[in-house]
Amino acid sequence: MRRLGFVGTPCQVQGLRKLQALQAATGREWIGRVELVLGLFCTGNWSYACMRGFLEKHGVSAAEVTRMEISGGVVKLRMKRMQMVLPLRELRRYTRMACRLCVDFTSELSDISAGSAGSPPGWSTLIVRTRTGEILLNEAVDEGAVELIELEDGVEELSRVAGSKVEKNARRIEARIEQGMEVPHYSTRNLEDMQQVLRLASGKGYAELWREIVATGVCDACGACAAVCGQIQMINGLPRLNGRCPAGCELCYAACTRTALPLRLLEDTLFRDGQRAEYLGRFRRIVGARSTADSAGQDGGAVTALIKFSLNSGFIDGALLTCRGDGWEPAVRLVHRHEDVETCAGTVYAASSPLPELRRYAHVSI
Ligand SMILES: Cc1cc2nc3c(=O)[nH]c(=O)nc-3n(C[C@H](O)[C@H](O)[C@H](O)COP(=O)(O)OP(=O)(O)OC[C@H]3O[C@@H](n4cnc5c(N)ncnc54)[C@H](O)[C@@H]3O)c2cc1C
Ligand code: SF4
Ligand code: SF4
Ligand code: SF4
């Protein structure tokens with residue numbers, strides 16, 4: 001597999017970008033094969049067990065649900081013979097602690113970000129950030145794979161939704177700091193080089209990662225730690241050590257975005273031009289988009305259309321996606337045929353850990 005695409009939530013995209021920035025230091029050269037990163041908007045997520053438990057409490061078996069949508073304060077479920085609307089308020093109680101401490105709504109480190117906020121029904125909002133993203137979208141439009149609309153008031157609406165998440169969670173972080181509780185280490189945002197990140201990890205390994213990040217609920221389950229170390233396995237969204245650590249090893253602590261995320265440095269590496277907007281990050285263009293083909297996509301199916309187009313045009317030769325497994329359990333899959341991309345269309349409202357799969361799949365040839 002030479003060139004990979006990746007679709008993920010903001011925390012997964014952060015993990016991926018940090019692994020890329022640490023590529024030279026960790027020797028994990030396979031991370032460089034990810035050449036296209038599509039990020040999703042995200043206000044929060046759930047563990048699979050919580051999501052299934054919530055449905056069961058309302059007498060719904062997850063296996064019967066054909067489509068799930070969270071919007072306008074409700075959870076809309078479509079089943080073969082009926083539809084159901086459940087209150088989001090109830091599900092929100094089970095939102096993971098990591099999500100309550102998360103201040104990225106729009107996947108600020110992706111090539112193109114996608115979400116529903118800001119667009120009319122049936123369309124996806126795209127924030128085009130990098131030159132790679134811009135070239136891909138232009139080609140996809142020229143070749144008729146996606147169509148675009150300008151968003152007028154939509155950008156303001158998007159900014160309001162993003163600001164609401166970021167401000168609320170920033171206040172929560174401040175409150176935890178005052179109480180002496182652990183938070184993601186956001187004081188590292190302005191670090192100027194990756195050597196400083198490595199120095200912060202000095203003398204810290206899995207035991208410290210567990211104590212500071214996992215045991216405190218700060219871990220977002222991205223799996224960056226398990227991607228750099230084969231001794232770690234993600235089990236129910238938690239990184240579990242499966243062996244003994246050699247003395248002096250600090251890789252997992254260094255890889256974790258919640259121990260250090262040098263945001264400005266990562267942005268400067270990724271985005272050479274474009275503008276910045278508070279809560280939205282750096283970007284070149286914001287538009288509404290939808291697939292021109294019939295799609296089972298969550299909103300406009302733009303993400304699915306862009307991944308299919310990237311495969312068809314040879315821009316990438318595989319993509320790592322979170323798909324709907326049995327009973328809506330998230331299943332991470334490497335897909336390389338456009339018909340398989342379609343089977344992964346739609347949103348799975350449960351956290352996955354895709355990054356360790358990158359190591360597994362980077363050497364697969366097709
Ligand atoms: C947990 C979660 C919460 C979200 N919250 C919001 C929100 O609050 N506001 C908002 O505007 N948008 C939110 N989104 C994004 C929205 O649901 C759509 O994914 C987005 O609008 C793109 O729609 P589309 O039709 O273009 O994508 P599609 O064509 O349907 O493609 C969706 C892509 O998302 C990937 N995917 C699905 N589930 C997951 C997952 N759990 N983790 C990683 N990747 C996944 C699939 O592999 C697929 O490639 C959220 C997405 C997720 C996963
Ligand atoms: S930590 Fe939670 S809210 Fe933040 S991006 Fe990840 S899943 Fe979404
Ligand atoms: S071997 Fe190193 S990277 Fe792996 S868990 Fe132990 S300290 Fe972390
Ligand atoms: S501990 Fe591992 S899975 Fe959790 S946030 Fe850090 S890198 Fe991601």
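All residue numbers refer to positions in the sequence shown, counting from 1. As the structure lists them, so they are numbered: ligands from 1, and atoms in each ligand from 1. Keep in mind that the numbers below use all heavy atoms, side chains included, and drop hydrogens, waters and symmetry copies.
Taking the six-membered ring where tryptophan is involved, the planes of F105 and F41 are tilted, since the angle between them lies from 30° to 60°.
Among residues two or more places apart in sequence or in another chain, the salt bridge (charged side-chain N to carboxylate O under 4.0 Å, His left out) test is passed with D299 by none. Residues passing the ring-ring contact (aromatic ring centres under 6.0 Å, His included) test with F54 are H58, sequence neighbours excluded.
Of all protein heavy atoms, the one lying nearest to atom 2 (Fe) of ligand 2 is C99 SG, 2.3 Å. Here the heavy atom of the protein found nearest to atom 6 (Fe) of ligand 3 is C245 SG, 2.3 Å. Here the protein heavy atom with the shortest distance to atom 8 (Fe) of ligand 2 is C42 SG, 2.3 Å. Of all protein heavy atoms, the one closest to atom 7 (S) of ligand 3 is C249 O, 3.4 Å. C229 SG, 2.3 Å is the protein heavy atom nearest to atom 4 (Fe) of ligand 3. Looking only at protein heavy atoms, the nearest one to atom 3 (S) of ligand 4 is G223 N, 3.2 Å. In this structure, atom 1 (S) of ligand 3 lies nearest to the protein heavy atom P246 CD, 3.6 Å.
Residue contact check: N45 has heavy atoms under 4.0 Å from atoms 7 (S) of ligand 2. Interface of L241 with ligand 3, defined as ligand atoms under 4.0 Å from a residue heavy atom, comprises 5 (S). Remark: ligand 3 atoms within the under-4.0 Å shell around heavy atoms of L251 are 3 (S). Those atoms of ligand 2 with a heavy atom of G44 less than 4.0 angstrom away are 3 (S). Using a 4.0 Å cut-off to heavy atoms of P10, the atoms of ligand 2 that qualify are 5 (S). Residue K165 approaches ligand 2 through these ligand atoms, each under 4.0 Å from one of its heavy atoms: 3 (S), 4 (Fe). Below 4.0 Å from some heavy atom of I232 lie the following atoms of ligand 3, by number and element: 5 (S). Against a heavy-atom cut-off of under 4.0 Å, T43 is close to the following atoms of ligand 2: 3 (S).
Residue contacts with ligand 4 for A221 involve N, CA, C or O but no side-chain atom from C-beta outward (heavy atoms, distance under 4.0 Å). Counting heavy atoms closer than 4.0 Å to ligand 3, residue V228 contributes nothing at all.
Atom CD of E192 has 12 or fewer heavy atoms from other residues, nucleotides or ligands within 6.0 Å. Residue-environment remark: CG (N236) stays at or below the threshold of 12 foreign heavy atoms within 6.0 Å. Taking a 6.0 Å sphere around CG of D326, one finds it holds 12 or fewer heavy atoms contributed by other residues, nucleotides or ligands. Atom CD of E156 has 12 or fewer neighbouring heavy atoms from other residues, nucleotides or ligands inside a 6.0 Å radius.
Not a single donor-acceptor pair under 3.5 Å links the side chain of R172 to the backbone N or O of L101.
Remark: R3 is positioned above the aromatic ring of F315, its terminal NZ or CZ atom under 6.0 angstrom from the ring centre and at most 45 degrees off the axis.
For the ligand labelled ligand 2, residue R96 lies inside the 4.0 Å heavy-atom shell.
Under the 4.0 Å criterion applied to side-chain N and carboxylate O atoms, E64 and R78 are not assigned as salt-bridge partners.
A donor-acceptor contact closer than 3.5 angstrom links the side chains of S113 and R129. Checking Y279 against E167 by side-chain atom types alone, a donor-acceptor pair falls below 3.5 Å. A donor and an acceptor atom, one from each side chain of N242 and Q233, are located under 3.5 Å apart.
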Criterion salt bridge (Lys or Arg N to Asp or Glu O under 4.0 Å) on E150 and R285, from CA distance to verdict: CA-CA 10 Å; E150 292 305 322; R285 193 177 176 198; 3.8 Å; yes

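Near-neighbour remark for atom 6 (Fe) of ligand 4: protein N, O or S atoms under 2.8 Å are C256 SG; waters not counted.
Sorted pairs that involve residues 126-159 and meet ring pair (Phe, Tyr, Trp, His ring centres under 6.0 Å), not counting sequence neighbours, are lacking altogether.
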